[in-house]
Amino acid sequence: AQTVTQSQPEMSVQEAETVTLSCTYDTSESDYYLFWYKQPPSRQMILVIRQEAYKQQNATENRFSVNFQKAAKSFSLKISDSQLGDAAMYFCAYQRGETSGSRLTFGEGTQLTVNP
Amino acid sequence: SAVISQKPSRDICQRGTSLTIQCQVDSQVTMMFWYRQQPGQSLTLIATANQGSEATYESGFVIDKFPISRPNLTFSTLTVSNMSPEDSSIYLCSVAWGQGVGNTIYFGEGSWLTVV
């Protein structure tokens, strides 16, 4: 079974600074997808970024980028120019590469605080 | 991406009663899922809602406790039966969006249930 580990229960960053959230996973598969979701106090799960394992290029979405190290099974999220609205719980998630879409396996989450 | 609406968004329930959560998607989707998020924890998959057939439940979840319906490709319900305080959680509907391999999973706003 796949497992996802987020070793940082809490992180904090100063507004406008950069922060990196860590995620590691364990799988024997070669085809899979990785995600970062953000959950603000409203509790809605918001997709931040998506990475295909077969792509060597790291995914980016505006101020959000990932460092995907397939051999090390590491998938960290970098948030640049942090804003107060970035404060939330961040979850890393793994998805098997199946033809019809499949369930997600989540990490335990990292609570990010942004200090003004 | 799909627009996913859940009702109710929040409710306080009496012990021993049952509550049905509705999930409506604005487009037809193949895969729909129900997740549970207990207080302070990550998300756990309850079941995959299958259109026209019985849901596929994950280990630890049973149909008698969490009956699920999926009458068509845009709608599903989750019932939490005979509730106890341990069922106090956020219940999230999600859908797999896209074609082919590696569908992205999007979430509804969640239904926050408190059992007293």
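Below, chains carry the letters A, B, ... as their sequence lines are ordered, and counting in each starts from 1.
For a residue to count as touching a neighbouring chain, one of its non-hydrogen atoms must lie under 4.5 Å from one of that chain's; by this rule A:L47 touches chain B with the side chain only. Proximity to chain B is limited to the side chain of A:Q39, based on heavy atoms less than 4.5 angstrom apart. For B:Q6, no part sits under 4.5 Å from any heavy atom of chain A, backbone or side chain.
No more than 12 heavy atoms of other residues, nucleotides or ligands lie within 6.0 Å of NZ in A:K78, so this atom counts as exposed by the packing criterion. Open room surrounds CD1 on B:I12; 12 or fewer heavy atoms of other groups in view lie less than 6.0 Å from it.
Residues of residues 107-116 of chain B that come closer than 4.5 Å to chain A, counting heavy atoms only, are B:F107, B:G108, B:E109, B:W112, ordered by residue number. Inspection of non-hydrogen atoms places B:L45, B:E58 of residues 45-79 of chain B under 4.5 Å from chain A.
Considering all non-hydrogen atoms of both residues, A:F106 and B:L43 come closest at CD1-CB, 3.7 Å.
Rounding to the nearest 0.5 Å places OG of B:S42 at 7.5 Å from CD of A:Q6. Separation of atoms CD (A:Q44) and CD1 (B:I4) is listed at 8.0 Å; rounding is to 0.5 Å.
Under the 4.5 Å side-chain contact rule for hydrophobic residues, A:V4 and A:F91 do not share a cluster. By the criterion of side-chain heavy atoms lying less than 4.5 angstrom apart, applied directly or through intervening Ile, Leu, Val, Met, Phe, Trp or Tyr residues, B:M32 is not grouped with B:W34; the two fall into different hydrophobic clusters. In terms of hydrophobic clustering, with Ile, Leu, Val, Met, Phe, Trp and Tyr side chains grouped at heavy-atom distances under 4.5 Å, A:M89 and A:V114 are assigned to different clusters.
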Pair B:I105-A:Y37, side-chain contact (heavy atoms from CB on, under 4.5 Å): steps then yes or no: CA-CA 10 Å; B:I105 306 296; A:Y37 286 88; 3.5 Å; yes

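Looking only at side-chain heavy atoms (C-beta outward), A:L104 and B:F33 stay at 4.5 Å or farther from each other.
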